[in-house]
Amino acid sequence: TKDPERYASAANQWEGLDPTYLHGIVRGFTQAIQKSQQFTWEPVLTLCSWVLQQPREIPGRNVDRWEADPDWGGTRWWIVELIRIGFQHETLAIPIELRETAWRLLEILTSDPDPEPEDEEEDYGRPGQSMHRAINSVRGRASEGIIFYPGWIRQQTANAAGIDLSQAPQAQLPPEARAVLDLHLDPQGERSLAIRSLYGRWIPWLLVFDRPWATATVPRIFTEQDQRYWLVAWDGFISFNEAYEETFEPLQPVYRHAVAQLGTEANQEDDTRNLREERLAAHLMTFYWRGHYNLEETDSLLRRFFSVASDKIRGEAVEYIGRSLERTIQPIEPAILDRLQRLWMWRLEEGRRDPGSHRAELKAFGWWFHSGKSDERWAIEQLQHVLRLAGGIDPDYLVLDQLAEQVVTFPHEVLTCIRLLIEGQHDLLEIVSWAKDLRSIFTHTQAHQSVEVRRASNDVIELLGRRGDLGYRDLLSPDA
């Protein structure tokens, strides 16, 4: 790849070579463009066209696959990669004048037999494996290439017209791309679970490129008539996408079906189920944050989620809000904080009814408390409720950090929380790990002007001593 232009200009000479050599040549051009080494695209794509005119299988060929290519599959793989990179490269992309040629190559490769049905038999019940197979197959890589096609057309059309990309029209899904996508959504012709998983992964982009068509296609992508196809599409979507605003309305039926799956018997081979459920919780919490779900509606999807989700997944939902609060740099609108607090108060009330089955959910409030984004008095009151109900908090070390910051303002409340934390923790080593924050807290409370605070501080230090942690005896106040 030191001088790819020299090879490109002689590309017609490579026609007729053994697939093993052409495999290496096309790979060389792919690696050259990855390194931003320029060459003329037209003769290279013409060579690729010749390759795709050859029967994929070579009759009578019997070679050691470690020494030579048994067929044209390897070369086809690298043609896909070349086109994909040629669609995405910022400065050396395929020129728009070659649109027809480039599309024809990609279209042919979307019908490549790889992945084959027998290869996918082992994927049944393992939806995450379908995505892995898709992105490691010729047909899967080519199908993904369709997603890069509209953006490439937009960029190259703007370049040809000499206008800035920001002034160019929004990328649209061309009719030829839509036709191929429709074709591979027909389960009579395209039975691959791997290919279906890609539709789930890329549905947000399809909604951007052609919202009416993509919205109408959602029931076909996430078909409830065959749970296998629904599951791999859902796995592809939820595992690789955030809660994009563009997806909220079109995918509400999909989210409803996903919530309905919570609590159903798990397939032990399904190694991405926990991830899907955690991501579902994150999506629903994001949409609630934005005001899409009304807590007052008794039949809302949000209420349905909390009624069927396990304690662990409900805990993930509360944790996600806490982490999101902490990551939010800008001031949070009062209406949003009020909305989130109303959600928490509802969950706390549910936890009071049956603390044992809400322990993970209650303890996850620690992330919320540590964010420091809520009213401090309200937050520390909620923390005390949780500690009394659940006997602990997650993550305790971050909560202790926050308590150390609040001890000056709320000494009584902080000491109450520390006492409750100690009473709920039966692992001495865990208590010992709190030493830095505890010493900081006791240093403040033991120097407090109020004798009641100093007395309460002594009580907590003595409680620690009875638990076997004598590291704070030097801080005991003799006048309390």
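On a predicted model such as this, the values are computed, not experimentally measured, just so you know. We count residues from 1, following the sequence as given.
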> Looking just at side-chain N and O atoms, do W152 and Q88 make a donor-acceptor pair shorter than 3.5 Å?
Replying inline: no
>> D186: which residues meet the side chain to side chain contact (heavy atoms under 4.5 Å, CB included) condition with it, sequence neighbours left out?
In response: Q188
> Are the side chain of R65 and the backbone N or O of P70 linked by a donor-acceptor pair below 3.5 Å?
Replying inline: no
> Under 3.5 Å, is there a donor-acceptor pair between the H89 and S36 side chains?
Replying inline: yes
> Would the F287 and Y244 ring centres measure less than 6.0 Å apart?
Replying inline: no
> Among side-chain atoms of E278 and N274, is any donor-acceptor pair under 3.5 angstrom?
Replying inline: no
> Looking just at side-chain N and O atoms, do S357 and D311 make a donor-acceptor pair shorter than 3.5 Å?
Replying inline: no
> Is the shortest side-chain N to carboxylate O distance from E326 to K373 below 4.0 Å?
Replying inline: no
> Should the ring pair F29 and F39 be called parallel, tilted or perpendicular, given that the plane angle runs from 0 to 90° and is split at 30 and 60?
Replying inline: tilted
> Partners of Q129 by side chain to side chain contact (heavy atoms under 4.5 Å, CB included), sequence neighbours excluded?
Replying inline: D123, R126, H132, R133
> Sequence neighbours excluded, which residues qualify as ring-ring contact (aromatic ring centres under 6.0 Å, His included) partners of W103?
Replying inline: Y149
> Which pairs, with at least one residue in residues 200-213 and sequence neighbours excluded, count as a side chain to side chain donor-acceptor pair (under 3.5 Å)?
Replying inline: E144-W202, R178-D210, D182-W213
>> Among residues at least two apart in sequence or on other chains, which ones pass side chain to side chain donor-acceptor pair (under 3.5 Å) with E245?
In response: R290, H292
Distance-only check: which donor-acceptor pairs under 3.5 Å involve side-chain atoms of residues 44-55, not counting sequence neighbours?
{"residue": "T46", "atom": "OG1", "partner": "E42", "partner atom": "O", "Å": "2.9"}
{"residue": "S49", "atom": "OG", "partner": "L45", "partner atom": "O", "Å": "3.0"}
{"residue": "Q54", "atom": "NE2", "partner": "W50", "partner atom": "O", "Å": "2.8"}

> Is the distance between the ring centroids of W368 and Y320 under 6.0 Å?
Replying inline: no
> Does R56 count as lying over the ring of W72, i.e. NZ or CZ under 6.0 Å from the six-ring centre, within 45 degrees of the axis?
Replying inline: no
